[in-house]
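What follows is one structure encoded as structure tokens, with my remarks underneath.
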Amino acid sequence: MEHPLYITNSLTRTKEQFIPINSPFVGMYVCGPTVYGSPHLGHARPYTTFDILSRYLRHLGYKVRYVRNITDVGHLENDADEGEDKIAKKARLEQLEPMEIVELYTSQFHDAMRALNNNHVSIEPRASGHIIEQVEMIKKIIANGYAYESNGSVYLDVVKYNVDYPYGELSGRVVEELLAGAGNEKRELEGQEEKRNAPDFALWKKASLEHIMRWPSPWSDGFPGWHIECSAMSAKYLGTTFDIHGGGMDLLFPHHEGEIAQSKSCNGVSPVKYWMHNNMITINGQKMGKSLGNFINLEQFFDGSHPLLLQAYNGMTIRFFLMQAHYRSPLDFSNEGLQAAEKALQRIMNSVDLIEKLKPADSSTVDVSSISNACYAAMNDDMNTAIVISHLFEMVRIVNSAYAGTEKVTSDDIESLRKLSNTFVFEILGLQNEKEQSSASETDGLMQLIISMRATARNNKDFATSDKIRDELLKLNIRLKDEKDTVTWVKE
RNA sequence: GGUCCUGUGGCCGAGUGGUUAGGCUCAGCUCUGCAAAAGCUGCUACAGCGGUUCAAGUCCGCUCGGGACCUCCA
């Protein structure tokens, strides 16, 4: 490809050039949400990050299959209720069927992703729909000698695995230390007595009597272990070795390490060429997460209902807020940051609209192509969207200046600007212009009428009337702009 | 305790050893009936100490601070 893309591979901890296994095809898997709660701001980060990656790969000409799963089989909780399925527990609390809960939160997740414009996935497989594949995979791992059954549950034998393969290659964990239980002195982990060794993890769990979500298997009526779904579904849709696996940094261990161990012990090959991890969103410097109870739901951002929010923020503002930081840096939530993002985004969108109103000149005083090149360079450098945006503001300056008459653009320049904004603002960064919704022509006709009436008042120096029109419109979130010899309006 | 990340100007945040990131805020100017918008200009930086180097925010060491993972988590 003309523009070599470099990405940070967590496996090697270095920036590597991205070279697909079977160009032009690219397989990409991202760990989806566990749908037992409303999606929160933390969810926005990985799905936005990898949405942009998939967009960029497609833009570069690759045929991308992007798989993002839904985890709806529930996992063990290690608090009071031993061995109880999270989803089943929630169901009892709300007196709903487990699958009703799953449906509700899946739907909420989709709504939130739509607002963030993150719905460009190719396949969204559900764990509950792939029990057979998971069972088959477990059978094979047992046959290969890397797993054992114990009291109806099946565990991966990490010690045995570690003899043939290096366990911990992704996370840097050392089996000897895990065996010694370093750091776990104060923890009471569930199901330890069934395991041969502490680092072993469940591939299949026997369901207790009160456990509602359960499926038959050769070992027991039960449910799959946490890591096996991703291994089974990624292998099914992307093959036993695929290009990119993404997710939050908090999944690096044990989840992704477990995936590697399962896949290798089943298929004998490394499942993933490039592992990518986004950093966490923090609030007051601390990770925003379910377990800490300090998260803000995306829905609450959209309607501004959370007490920590000074106002509502729409999906595009949140998307832009995320993109102003690099995906591998931690990002701290703040109203100030969101408000700044909202204004900045508005400036970009206003400027994009202005491109269509530019008058071409015979000569040019600007250099649009260098902006485009700089944007590509930034994307190629581990998807540095923050830098892309900084260059887009140079585009904003050029457009605004050209409109104001302090810069000159040729018709070729205008075409380049149009292409630049279409490519980067909309296609790659996936931003949407949210103002263009209402029945355009009718509203525009009404506005022209109002604007001309106000112009008459102004010509008569009847500023009381003209200001009233402007102020009342502003209350309806319509802002008038008195420019040199014309008046324009924007909906806010 | 182990592994790893991190500390940038009023705020948010980029930064591959050598030239202005960018945004938001604030101040001044231009435009304007006024305002808004837009343009121009300006403002305050690299936690501390020491080292390597012709040159360090950018590499190394130490100190202090913050965080992640080691348990369900995006």
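Naming convention: chains lettered A, B, ... in sequence-line order (proteins, then strands); numbering from 1 in each chain.
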* Asked: Who is the Watson-Crick or G-U wobble partner of B:U3, with both distances under 3.5 Å?
  -> B:A68

* Asked: When the distance from OH of A:Tyr327 to P of B:G13 is rounded to whole Å, what number comes out?
  -> 18 Å

* What residues form a side-chain contact (heavy atoms from CB on, under 4.5 Å) with A:Arg470, not counting sequence neighbours? -> A:Arg454, A:Asp467, A:Leu480, A:Asp482

* Could you tell me which nucleotide pairs with B:G22 by Watson-Crick or G-U wobble geometry, both distances under 3.5 Å, or answer none if nothing does? => B:C12

* To do: Report, as yes or no, whether the 6.0 Å neighbourhood of atom CG on A:Asn284 holds more than 12 heavy atoms from other residues, nucleotides or ligands.
  => no

* Using a strict cut-off of less than 4.0 Å between a Lys/Arg side-chain nitrogen and an Asp/Glu carboxylate oxygen, indicate whether A:Asp413 and A:Lys408 qualify as a salt bridge. => no

* Structure fact -> In 5'-to-3' order, the base (B), backbone-only (S) or no-contact (-) status of each nucleotide in nucleotides 21-35 of chain B, using a 4.0 angstrom heavy-atom cut-off, is BSSSS-------BBB

* Within the structure shown, what part of the strands sits under 4.0 Å from A:Arg397 by heavy-atom distance: base, sugar-phosphate, or nothing? -> sugar-phosphate

* Structure fact -> The Watson-Crick or G-U wobble partner of B:U30, with both key distances under 3.5 Å, is B:A38

* To do: Write down the distance separating the P atoms in B:C49 and B:C64, rounded off to the nearest Å.
  => 15 Å

* Identified pairing partner of B:C46, criterion: Watson-Crick or G-U wobble below 3.5 Å -> none

* Asked: For A:Gly172 and A:Gly248, take the nucleotide of RNA chain B holding the closest heavy atom to each; which residue's nucleotide lies nearer the 5' end?
  -> A:Gly172

* **Pairing nucleotide - B:U58, Watson-Crick or G-U, each distance under 3.5 Å** => none

